[in-house]
Protein chains: 2
Amino acid sequence: MSWRKEERRAERGYHHGNLKEALLQAALGLIAEKGAAGFTFADAARMAGVSAAAPYRHFRDRDELLSSIAQRGFEQFEGRLTAAWDDGRPDTVTAFERVGRAYLAFAREEPAFYNAMFESGLPVDANPALQAASERAFNIIRAAAERLAALAPPGAPRPPAMMMALHIWSMAHGVASLFSRGDAARRKLPMSPDELLEAEVLIYLRGLGFPTDRRPSAKSAEPPPVPPEASSGSSVPPGGTPGGPWGKAK
Amino acid sequence: MSWRKEERRAERGYHHGNLKEALLQAALGLIAEKGAAGFTFADAARMAGVSAAAPYRHFRDRDELLSSIAQRGFEQFEGRLTAAWDDGRPDTVTAFERVGRAYLAFAREEPAFYNAMFESGLPVDANPALQAASERAFNIIRAAAERLAALAPPGAPRPPAMMMALHIWSMAHGVASLFSRGDAARRKLPMSPDELLEAEVLIYLRGLGFPTDRRPSAKSAEPPPVPPEASSGSSVPPGGTPGGPWGKAK
DNA sequence: AGCTCATGTAAAAGCCGTTCACATGAGCTG
DNA sequence: CAGCTCATGTGAACGGCTTTTACATGAGCT
């Protein structure tokens, strides 16, 4: 039966027993280290303890391995965004910002996935499954934006949810890509990438007319997760929390 | 003299005569076609009509060629941004948006440069010259943000210019990277990347309290018209966008 | 005319991706 | 249990790429 197989193969043997998974894990590690461009099919095989030809029993070629990783990445990504959105609880704005932070957290904590997904140069739309997975992930942001758009203050024109979603996505990706990873992360920033993105989103939402100051009196039951100084009593002039969304900037 | 050399070498001869430049041009074409990852040192040599070893007389290795291209790219980029900024004429907001469009135009029109600069995985901060060139380009955005920040409406807290610059950069890079190039450009968008970025920046600026509204009617968080700028005097430039920043969204 | 050095070439080593013929052995069948 | 079969792994080989090394060429100077 299969569990006995696992035991034996885990040690050694002609047949690996779980090569496909081992290769994916090895590749994930290598990509995290050296980037998708630097990752080598042969290296992954070596790491799994098999010959260089063995991987071809499980992947048509190097690109298919990369695509598999991207696919998994989009699925995990979707899961993380879904959890962060939490169907808009406790309030739409808070949940929305949580999604932004989840985006960055994913890019930071799963650099290999993020790399394969967005920076490997994979032809995403050439692979229907991959494209679908990508779309499912984006749809979380889209759905969140739709809920947010529905809250547009009376009198103000309601922004198209799709546009909002694209804007948020571009901000998150821009921050992740420029400041949150790799060498670029070493740029001297006046604030952390997380704070940078949070401020950016807050300012953007304010530009759309949304109330973004989350005081207890507002609809949020949640204390501001990041700024410690924001807990002080505040007389908020129309247009900002004390110090604004950039309270921490130097 | 040298012009005779040019003439002769352009035809044929043991010595190429201008190999370094020819290699750079060849690489530029190859990168535009197949991306920085797909670009091959040997291919560039072949395209220049020399042996595979010849490029090593002009570049330490493949990475140095890539760095050279990135370096040039940053210089051209800086030039374009500088021209677009035009020292803030005719007014700061208009010029600021022009910089955003110039950013996208560069990414679109010079995909090879953009690729080498931002998507090749080059260790930018390992190369001082490259890092300096990158910083000079960013400083254009920074300077523009500084001018803009100085216009902060009275009453509203003045946003840190550095933060604004980073925000704008992340938006521009996000849009360029996700929607403006390669396969991702084929995503069905409700508007062009240029319009997307323009709306994004406008909404952002409005969130900071800047008067970005170019139509006479209502808006959400806009304070009274801002004092005229020092030289131009026009805070509401012509070329209005009816329907708000997303007037063109479908 | 002759020297010299930058610039080119050919050849070779080492790595990678990929293919192919062949080996192994896990699980089924009788 | 004997034997079959097919998924899975191996080794060898091909071509391509990067990089190094010894050698060739000829442009410009003296």
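Proteins get letters first, then strands, A, B, ... in listed order; numbering begins at 1 in each.
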(request) If the plane angle is over 60° it's perpendicular, under 30° parallel, otherwise tilted; pick one for F113(A) and F106(A). (result) parallel

(message) Is there a side-chain contact between R46(B) and the phosphate of dG16(D), meaning an N or O under 4.0 Å from OP1 or OP2?
(response) no

(message) Between P on dT19(D) and CG on L23(B), what's the gap in Å once rounded to a whole number?
(response) 14 Å

(message) As a test of reading the structure: which of dT19(D), dG8(C), dG9(D) is closest to the side chain of H16(B), going by heavy atoms?
(response) dG8(C)

(request) Looking at every strand, decide which applies to A42(B) at a 4.0 Å heavy-atom threshold: base, sugar-phosphate, or nothing. (result) sugar-phosphate

(message) Counting the atoms with a prime plus P, OP1 and OP2 as sugar-phosphate, which does D61(B) contact under 4.0 Å by heavy atoms, base, sugar-phosphate, or nothing?
(response) sugar-phosphate

(request) Scan every strand shown for a Watson-Crick or G-U wobble partner of dC29(D), both distances under 3.5 Å, and answer none if you come up empty. (result) dG2(C)

(request) Could you walk me through whether R101(B) and E109(B) pass the salt bridge (charged side-chain N to carboxylate O under 4.0 Å, His left out) test, one step at a time? (result) CA-CA 12 Å; R101(B) 278 193 298 277; E109(B) 295 163 20; over 6 Å; no

(request) Would you kindly give the OH-to-P distance between Y56(B) and dT9(C), to the nearest whole Å? (result) 14 Å

(message) Between R80(A) and Y103(A), is there a side-chain heavy-atom distance shorter than 4.5 Å?
(response) no

(request) Just say parallel, tilted or perpendicular for the rings of Y114(A) and F118(A), cut-offs at 30° and 60°. (result) tilted

(request) Check whether any side-chain N or O of H58(A) sits under 4.0 Å from OP1 or OP2 of dA7(D), and answer yes or no. (result) no

(message) Taking the minimum atom-to-atom distance to the side chain of A52(A), which one of dT18(D), dT18(C), dG8(C) wins?
(response) dT18(C)

(request) Please report, rounded to the nearest Å, how far the C1' atom of dA27(D) is from the CG atom of L19(B). (result) 16 Å

(message) Quick check for you: among dT9(C), dG9(D), dG17(C), whose closest atom lies nearest to any side-chain atom of V50(B)?
(response) dT9(C)

(request) Let me know the distance between CG of L66(A) and P of dT18(C), rounded to the nearest Å. (result) 11 Å

(message) Does this structure show an ion pair linking E78(B) with R72(B), if we count only N-O contacts that are shorter than 4.0 Å?
(response) no

(message) Strictly below 4.0 Å: does R62(A) bring a side-chain N or O up to OP1 or OP2 of dG17(C)?
(response) yes

(message) Output the rounded distance in Å from NE2 (H15(A)) to C1' (dC6(D)).
(response) 9 Å

(request) Would you kindly compare F41(A) and R57(B) by the position of their nearest DNA chain C nucleotide and give the one closer to the 5′ end? (result) R57(B)

(message) Considering every strand and a 4.0 Å limit on heavy-atom distances, what is the contact class for S51(A): base, sugar-phosphate, or nothing?
(response) base

(message) Measure CG/L30(B) against P/dC17(D) and give the value in whole Å, please.
(response) 11 Å

(request) Tell me which nucleotide among dC16(C), dG9(D), dT9(C) gets nearest to the side chain of T40(A). (result) dC16(C)

(message) Nearest whole Å is fine: how far is dC17(D) C1' from M47(B) CE?
(response) 15 Å

(request) Take atom NZ of K20(B) and atom P of dA6(C), then tell me their distance rounded to the nearest Å. (result) 14 Å

